[in-house]
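All of these numbers come straight from a predicted model, not from anything done at the bench. Each residue takes its place number in the sequence, starting with 1.
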Amino acid sequence: MSDDGLFRELDADGGALEALQWRSRPVLVFTDDPANAAYRAQLAMLRETRSGLEERDIIVFRDTGPGGSLRARLQVEAFTLVLIGKDGGVKLRADHPVAPESLFSTIDRMPMRQREMSGE
């Protein structure tokens, strides 16, 4: 899978996330095995909803490598999805694939997203 702007590889320390604070909503998709069915299903679902990702300033980061300070900090094991808000805080965490509609609904309820939708 190549990086294309919306889908990127995550660096082990998560340094790329800090540069996105207040600009984007990172969705981190972790697995220890790139063949993991949940991981593959999650990425497939997200790839089918590019316009929803773009509209909500989402960038999807993939991490299939063991170790790393970010994995330790987030206590990641096996398959894990983590939504980070524009403020840098964890907004959603799941150990199973999350439907894009559910992800978008979670984001659309956030105060910052409410302001974005109202044009403020």
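- Looking at Ser102, its side chain never comes within 3.5 Å of a backbone N or O of Ala99 through a donor-acceptor pair.
- A single hydrophobic cluster is seen to contain both Val27 and Leu43, as judged by linkage of ILVMFWY side chains at heavy-atom distances under 4.5 Å, directly or through other members.
- In this structure, Arg71 and Asp32 approach most closely via the heavy-atom pair NH1-OD1, 2.7 Å.
- Remark: Ser105 pairs with Arg109 by the side-chain hydrogen bond (donor to acceptor under 3.5 Å, both in side chains) rule, at least two apart or across chains.
- Shown here for Pro100 and Met45, the closest heavy-atom pair between the two residues is CG-O, 3.6 Å.
- In terms of heavy-atom proximity, Pro26 sits nearest to Gly85 at CD-O, 4.5 Å.
- In this structure, the separation between CG on Leu103 and OG1 on Thr49 is 8.0 Å, given to the nearest 0.5 Å.
- Neither Ile84 nor Val60 shares a network with the other; the hydrophobic side chains, linked directly or stepwise wherever heavy atoms of I, L, V, M, F, W or Y lie under 4.5 Å apart, form separate groups for each.
- In this structure, Ser24 and Lys86 have side chains that are not in contact, with every pair of non-hydrogen atoms separated by 4.5 Å or more.
- In the hydrophobic clustering of this structure, Leu83 groups with Phe104; members are Ile, Leu, Val, Met, Phe, Trp, Tyr whose side-chain heavy atoms approach within less than 4.5 Å, directly or through other members.
- Nearest approach of Gln42 to Val98, heavy atoms of both residues: OE1-N, 2.6 Å.
- Residues Ile58 and Met110 are members of one and the same hydrophobic cluster, defined by side-chain heavy-atom contacts under 4.5 angstrom among Ile, Leu, Val, Met, Phe, Trp and Tyr.
- Between Arg113 and Glu55, at least one side-chain N (NZ, or NE/NH1/NH2) sits under 4.0 Å from a carboxylate O, which counts as a salt bridge.
- There is no path of hydrophobic side-chain contacts, each under 4.5 Å, that joins Val29 to Ile59.
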Let me see the working for Asp57 and Arg23 under side chain to side chain contact (heavy atoms under 4.5 Å, CB included), right down to the final yes or no.
CA-CA 7 Å; Asp57 301 322; Arg23 297 183 319 160; over 6 Å; no
Side chain to side chain contact (heavy atoms under 4.5 Å, CB included), that's the test. Do Leu10 and Leu70 meet it? Break it down for me.
CA-CA 10 Å; Leu10 183 63; Leu70 184 60; 3.4 Å; yes
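- Judged by the 6.0 Å and 45° rule, Arg62 forms no cation-pi pair with Phe7.
- For the atom pair CZ (Arg47) and CG (Leu6), the distance works out to 9.0 Å, reported to the nearest 0.5 Å.
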Determine, stepwise, if the pair Asp33 / Thr64 fulfils side chain to side chain contact (heavy atoms under 4.5 Å, CB included).
CA-CA 6 Å; Asp33 177 8; Thr64 59; over 6 Å; no
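- Here the CG atom belonging to Asp95 is positioned 8.5 Å from the CZ atom belonging to Phe79, to the nearest 0.5 angstrom.
- A pairwise comparison of heavy atoms in Phe61 and Ala16 identifies CE2-CB, 4.2 Å as the closest pair.
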Let me see the working for Leu74 and Val90 under side chain to side chain contact (heavy atoms under 4.5 Å, CB included), right down to the final yes or no.
CA-CA 9 Å; Leu74 293 174; Val90 173; 4.0 Å; yes
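- Annotation: the span from Asp63 atom CG to Tyr39 atom OH amounts to 8.0 Å, rounded to 0.5 Å.
- With rounding to the nearest 0.5 angstrom, the CZ atom of Arg56 is 10.5 Å from the OG1 atom of Thr106.
- Thr80 contributes atom OG1, which lies 5.5 Å from atom CZ of Arg93 (distance to the nearest 0.5 angstrom).
- A salt bridge links Glu116 to Arg25: one of the charged nitrogens lies within less than 4.0 Å of a carboxylate oxygen.
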